[in-house]
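In listed order, ligands and their atoms are each counted from 1.
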Amino acid sequence: MKKILITGYAGQIGTELTMFLVNKYGSENIFGTDLKEPDEKLLKICSFKKLDVTNKDEVFAFVDTNKINTIYHMAAILSATGENNPALAWDVNMNGLYNILEVSREYKCSVFIPSSIAAFGPETPRNDTPQDTIQRPTSMYGVTKVAGELLADYYFKRYGVDARGVRYPGIISHETLPGGGTTDYAVEIFYEAIKKKKYTCFLEENTVLDMMYMPDAIKATVDLMEADPKTLEHRNAFNITAIPVSPKGLADAIKKIIPEFTINYDIDPVKQAIANSWPSHMDDTIARKEWGWSPSFDLDTMVKEMLEKLEIKLS
Ligand code: NAD
Ligand code: SER
């Protein structure tokens, strides 16, 4: 039986991943951990323990006590917060990851290591970004994501640790707010569209970035972890993509449902510079081929469901 530890489970992805895994494996087999308290909904379905991933002793004791054999490592500092505090981003994203890989080696755990569109940089081809290409990111977050990809590969090749991962695009969801990233506008815009019928965006109107709706992100995460290892040539850092969209494109899709919605722009230069260095659309052929990846939501189906779910949540 799987005994699953989720780090950073109170975050944007961790919350919905936990809900999915509790449904699939039963709450007694799911161990949610984070630095911060989760919301009520999560506390009701799954045990919670405060666990700082940068504390190696705590991480080892937790895995040992609870007989963990699978880890979804979601604890991280995201791009915008990371530019405000690069030292913290390095500490959590690198030392935290190192502890998770070390404990996975010692206790023979399978481990999911998320990477990001942020692992690319200005010299990378922005459109149809290949799986294997130049990676020279310019944010501290991006630097830690490339290093994390390499470290995960190293632990597999050197120690046989079953480390797997994807490069998520910006994730759009309605359950938990995003935690300080450059793609956060693509979630905020929905809340403001419902509450105020207008939104001021911190990115330029034509900045196309790769995005994905949360159910597809969860499907990719769990499908990869359950894929037959014999089919995996890459294992880590698979490009996955679904919805390449700009702020204007997203606003136009929202206007189809809320015609009075308006958007204007007040550019944040730090976030804009980060966005300009990221792919607008990754080539995910390798993920499709090696483990059957395919998204279910496009722009219009995602926007429709986001607005429906948030209408209920905010009413
Ligand atoms: P998030 O910021 O919403 O959640 C991260 C969680 O980690 C938070 O709940 C935070 O409290 C926790 N945390 C921070 N420091 C910690 C520590 N020292 N110990 C334990 N917990 C700590 O992030 P997310 O969006 O859920 O991202 C999950 C993973 O997916 C990250 O690796 C992120 O880089 C990656 N990713 C996310 C996106 C996205 O759009 N959400 C896109 C690409 C990649
Ligand atoms: N959504 C993330 C961020 O903006 C991308 O990794 O930081």
Side-chain angles (χ1 to χ4, degrees), residues 5-18 32-39 42 48-56 58-59 62 71-85 88-100 111-120 137 139-149 152 165-173 175-188 202-203 207 209-214 216-218 220-221 237-243 268 270-272 274-275 277-279 282:
L5 161 63
I6 305 167
T7 71
Y9 97 130
Q12 187 194 7
I13 300 177
T15 301
E16 295 196 48
L17 178 65
T18 302
T33 66
D34 204 299
L35 264 191
K36 69 176 185 198
E37 282 273 329
D39 65 20
L42 213 48
F48 166 63
K49 173 114 178 13
K50 195 167 175 182
L51 179 68
D52 180 350
V53 294
T54 65
N55 185 325
K56 191 173 179 183
E58 268 185 29
V59 169
F62 190 91
I71 304 176
Y72 287 84
H73 178 48
M74 293 298 160
I77 302 299
L78 275 78
S79 59
T81 310
E83 279 320 280
N84 282 335
N85 193 341
L88 177 69
W90 179 266
D91 189 29
V92 176
N93 297 2
M94 293 316 308
N95 295 328
L97 173 60
Y98 179 75
N99 292 339
I100 292 296
V111 56
F112 180 83
I113 310 289
S115 187
S116 161
I117 45 172
F120 299 112
S139 66
M140 175 55 95
Y141 175 67
V143 168
T144 66
K145 286 295 163 186
V146 178
E149 290 181 2
V166 297
R167 293 179 181 134
Y168 291 124
I171 305 301
I172 297 174
S173 68
E175 196 67 49
T176 297
L177 284 167
T182 304
T183 58
D184 291 12
Y185 94 81
V187 177
E188 292 167 5
F202 56 74
L203 293 184
T207 307
L209 287 172
D210 233 340
M211 302 281 176
M212 180 177 290
Y213 191 35
M214 185 64 88
D216 278 331
I218 301 300
T221 306
F238 283 98
N239 285 359
I240 53 168
T241 184
I243 307 171
D268 178 322
V270 174
K271 291 178 185 164
Q272 185 64 49
I274 292 175
S277 73
W278 287 358
M282 291 180 278

[X] neighbourhood, listing ligand 1 atoms whose heavy-atom distance to it stays under 4.0 Å:
{"X": "M74", "value": "5 (C), 28 (C), 29 (C), 31 (C)"}
{"X": "K36", "value": "9 (O), 11 (O)"}
{"X": "G170", "value": "40 (O)"}

Would you call [X] and [Y] a side-chain contact if the rule is heavy atoms closer than 4.5 Å?
{"X": "W90", "Y": "T144", "answer": "yes"}
{"X": "M74", "Y": "Y9", "answer": "no"}
{"X": "M214", "Y": "Q12", "answer": "yes"}

Requested in this report: Check each of N93, D91, N99 against N95 using the side-chain hydrogen bond (donor to acceptor under 3.5 Å, both in side chains) test, and report the only one that passes.
Outcome: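 Checked N93, D91, N99 against N95; only one passes side-chain hydrogen bond (donor to acceptor under 3.5 Å, both in side chains): D91.
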Report task. Kindly identify the option in T33, I6, L51, T183 whose heavy atom sits closest to atom 20 (C) of ligand 1. Result ->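 Minimum heavy-atom distance to atom 20 (C) of ligand 1 goes to L51.
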Query raised in the report: Looking only at non-hydrogen atoms, which of Y72, W278, Y141 approaches atom 35 (C) of ligand 1 most closely?
Result: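 The nearest heavy atom belongs to Y141.
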Requested in this report: Show your working on side chain to side chain contact (heavy atoms under 4.5 Å, CB included) between I243 and D216 and close with a plain yes or no.
Outcome: CA-CA 11 Å; I243 307 171; D216 278 331; over 6 Å; no
Requested in this report: Walk me through it: do Y72 and T18 pass the test side chain to side chain donor-acceptor pair (under 3.5 Å)?
Outcome: CA-CA 10 Å; Y72 287 84; T18 302; over 6 Å; no
Considering non-hydrogen atoms of the protein only, which is the closest contact for [atom], and what is the distance?
{"atom": "atom 19 (N) of ligand 1", "result": "V53 N, 3.0 Å"}
{"atom": "atom 6 (O) of ligand 2", "result": "S116 OG, 2.6 Å"}
{"atom": "atom 31 (C) of ligand 1", "result": "A76 CB, 3.5 Å"}
{"atom": "atom 8 (C) of ligand 1", "result": "D34 OD2, 3.7 Å"}
{"atom": "atom 4 (O) of ligand 2", "result": "T182 N, 2.6 Å"}
{"atom": "atom 39 (C) of ligand 1", "result": "I171 CG1, 3.6 Å"}
{"atom": "atom 23 (O) of ligand 1", "result": "L78 CD1, 3.2 Å"}
{"atom": "atom 3 (C) of ligand 2", "result": "S79 OG, 3.3 Å"}

Is the shortest distance from a heavy atom of [X] to ligand 1 less than 4.0 Å?
{"X": "S115", "answer": "yes"}
{"X": "G181", "answer": "no"}
{"X": "P169", "answer": "yes"}
{"X": "K145", "answer": "yes"}
{"X": "A10", "answer": "yes"}

Query - Backbone N/O of S79 and side chain of T182: donor-acceptor pair under 3.5 Å - result: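 Absent.
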Requested in this report: Please work out whether any backbone atom (N, CA, C, O) or any side-chain heavy atom from C-beta onward of Y141 is under 4.0 Å from ligand 2, and answer side chain, backbone, both or neither.
Outcome: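 It is the side chain that gets close, since no backbone atom is under 4.0 Å.
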Requested in this report: Report the residue from N55, T7, L5, V53 that forms a side chain to side chain contact (heavy atoms under 4.5 Å, CB included) with F62.
Outcome: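 Of all the options given, the one that passes is L5.
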Query raised in the report: Does even one non-hydrogen atom of W278 get within less than 4.0 Å of ligand 2?
Result: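 The answer is yes, since W278 has a heavy atom less than 4.0 Å from ligand 2.
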Query raised in the report: Hey, does Q12 come in under 3.5 Å of ligand 1, counting only N/O atoms on both sides?
Result: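 Yes: some nitrogen or oxygen of Q12 is under 3.5 Å from one in ligand 1.
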**Report entry** Per-residue contact class, V92 against ligand 1 - non-hydrogen pairs under 4.0 Å
**Finding:**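 It is the side chain that gets close, since no backbone atom is under 4.0 Å.
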Report task. Would you mind listing which atoms of ligand 2 come within a distance below 4.0 Å of any non-hydrogen atom of T183? Result ->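 Under 4.0 Å from T183, ligand 2 has these atoms: 1 (N), 2 (C), 4 (O).
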